[in-house]
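In what follows, a single structure is set out as structure tokens and then discussed.
In what follows, every heavy atom counts, from backbone to side chain, and hydrogens, waters and symmetry copies are set aside. Everything quoted here is computed from the prediction, not taken from an experiment.
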Protein chains: 2
Amino acid sequence: MDKKKETITIYDVARVAGVSMATVSRVVNGNSNVKPATRKKVLGVIEQLGYRPNAVARGLASKKTKTVGVVIPDISNAFYSEVTRGIEDIATMYRYNIILCNSDLQQERETQLIETLLEKQVDGLLFLGGNVREEHLRIYEHTNVPVVLVATKVEDNALPAVGIDQHEAAYDATVHFIQGGHKKIALIGGPLTDLVKGYPRYIGYKHALEEHQIEFDEHLIRIGDYRYDSGYQAMSTLLSLTDVPTSVVVLSDEMAVGAIHAILDNGKKIPEDIEVIGYNNIPIASQVRPLLSTVDVPMYDLGAVAMRLLTKYMHGEEVQTGQVTLPHSLKLRSSTRPLGSIEGEQS
Amino acid sequence: MDKKKETITIYDVARVAGVSMATVSRVVNGNSNVKPATRKKVLGVIEQLGYRPNAVARGLASKKTKTVGVVIPDISNAFYSEVTRGIEDIATMYRYNIILCNSDLQQERETQLIETLLEKQVDGLLFLGGNVREEHLRIYEHTNVPVVLVATKVEDNALPAVGIDQHEAAYDATVHFIQGGHKKIALIGGPLTDLVKGYPRYIGYKHALEEHQIEFDEHLIRIGDYRYDSGYQAMSTLLSLTDVPTSVVVLSDEMAVGAIHAILDNGKKIPEDIEVIGYNNIPIASQVRPLLSTVDVPMYDLGAVAMRLLTKYMHGEEVQTGQVTLPHSLKLRSSTRPLGSIEGEQS
DNA sequence: CTGTTAGCGCCTTCAG
DNA sequence: CTGAAGGCGCTAACAG
């Protein structure tokens, strides 16, 4: 009675049920051209034999694997794990499974992962974060497997991508402070060499100042690596300035929390002395004191929408546009003062 | 020059290189029985044609897919995403890819995911969290695919599993407070119906009290769902007791942070008035103020070790024992007082 | 060292 | 509504 070992195939089912393989295949695939009686009989045998269709064989024959590849910088990063959740939920909905790969943003590894995924015959590919390089483009060019970028994009929009308007988000956060009457608004951002996140956000901040006739002060800029420690460090140096800023836009929630602690450790009050706005709205933003005001990025939706878009490509459906920008908003909590709570400001 | 569409196969390579499929297969698979000259020629053609081996066909022929299935409660949960990181890193090391599936701890879904993964012919299976049910056991019995449980286990150790000693971890945390001179030690735990986490930890707490002749007080027990809000709630009710506890063991870091905030909101000081110990040591533990003292669970290693163990099973290697218990420790930070900082206590 | 020959388990026309 | 037959792309003996 040890059912281990023996692989039972569609052929076995056919034999026992007294029909052909084709018929079994039809009932397994829900093809309607099968007489109810036959179907019932086959289903019975399948149950009885404990038959389990071999997806690999099926994939070879049908050229569809019902699995999509997901290349992600780091699954242990709260932002990406939330996006991945969105991806997986929609994938499940459309009966796809995902092969997850961490790239750690290493160029070589990214390329190699894409190759591996393609070898595994994924029906589609989701590429998150990271920069899309020439090399990738060349690979994509030579394949029919659809690709959708998430939380990143490529110049001239050569590839479908879903994300938010990074420039505008940083702009909005900065304008919020300007409207609050601030003049000395610091920025703790990411590497400006990063054309997808770091740079556009930086420009958004800068534009906000310019448009409101506030002088841009280089001394108020700090570049971190998006993590807690760098946020703490950056804020500490900002605090040691003769002219301490009264507000700071921090381009990641983790850095923002680090900044908050640096401020608190410095004996200053938030938001009374210094106001802080973070970026992304990951869970920790609502689990620290003071509650972190931040740019609310629809992480889950980013993944969900991207996966949905990918299914359209995989199914050959018409797609209006491959470039989708999801809305963001400012989630104001207690690391900022309510607008209007200070000496009169407009709008 | 549009290489799209045309699928180039091992046969094409063989033809162009003027050798047989077998030879091409050999060089692709690094078989040494190939004359260097031939190998070089074949490699050249592969490059020239842009040949990419079809892993699905290979899987069908070799009965190995080089992919393992991972059933996880929720990838957006910090604990599991960290474990998954460990899994993926080791999987990469052994050239495996992982198919990731969220179960949300739903019994039916778990079963269905295992089935799907088996259909996809994964070489191995990792089942995280969640309870292993009769149904699962029955499936495992009828397959040769090795399974390793992570952060969960099954009665009588019928399946290989890697985790920590839950009972002891809770015991240790409790004892720490006892040694600190506490008598009123509260517990914020998880459902006692959970025989893998909730119950054993609860018992560990209880044993610690018993062994140190401290009366168990039911009023000091709260059951949460491991999340921030429930920790806040639970602590709030504890704070409203006439006899407020002086310390609290919280069985998840998120609940612990919630508890911390409830205490702070109540105007009490940590650790002066109340000491708090969390559980797991996820990133947030070191990103809140006061820094959370907690049970350090080697999350990454849990995943890494489990994956490593799985490779042994998949490769038919000898395995000493399938039951591995990784060490935990108390990570003392600032939500607890240093031992000995209060009226003398022994060791 | 290299080629031949069977399949792996299933889908998919094409007949009937 | 059902069966027969030919692959899908590759691996794995087995010869030579």
- Task: Please report the C-alpha distance between B:S25 and B:I10 in whole Å, then the side-chain angles of each, then the deciding distance to 0.1 Å, and finally whether the side-chain contact (heavy atoms from CB on, under 4.5 Å) criterion is met.
- Result: CA-CA 7 Å; B:S25 176; B:I10 201 175; 3.8 Å; yes
- Nucleotide-resolved protein contact map, nucleotides 9-16 of chain C, B/S/- at heavy-atom distance under 4.0 Å: BBBB----
- Pick one: which of B:T67, B:V68, B:L126, B:I99 meets side chain to side chain contact (heavy atoms under 4.5 Å, CB included) with B:L117? B:I99
- Message: Nearest whole Å is fine: how far is C:dC8 P from B:D123 CG?
- Response: 19 Å
- Indicate yes or no: does A:E119 engage B:R58 in a salt bridge with an N to O separation below 4.0 Å. no
- Message: Between A:V28 and A:I46, is the side-chain contact (heavy atoms from CB on, under 4.5 Å) condition met? List the steps.
- Response: CA-CA 9 Å; A:V28 169; A:I46 286 179; 3.9 Å; yes
- Message: Filter on side chain to side chain donor-acceptor pair (under 3.5 Å), then keep only pairs touching residues 148-163 of chain B, sequence neighbours left out; what's left?
- Response: none
- Task: Give the angle between the helix axes at the two ends of the helix from C:dC1-D:dG16 to C:dG16-D:dC1, taking five base pairs at each end and rounding to 10°.
- Result: 30°
- Residue pair A:N97 / B:K120, side-chain donor-acceptor N/O under 3.5 Å: yes
- Message: Can you tell me if A:T23 touches the phosphate of D:dG3, counting only side-chain N or O atoms and a distance under 4.0 Å to OP1 or OP2?
- Response: yes
- Are B:I98 and B:T84 close enough that some pair of their side-chain heavy atoms sits under 4.5 Å apart? yes
- Flag for A:T92-B:R109: side-chain donor and acceptor within less than 3.5 Å: yes
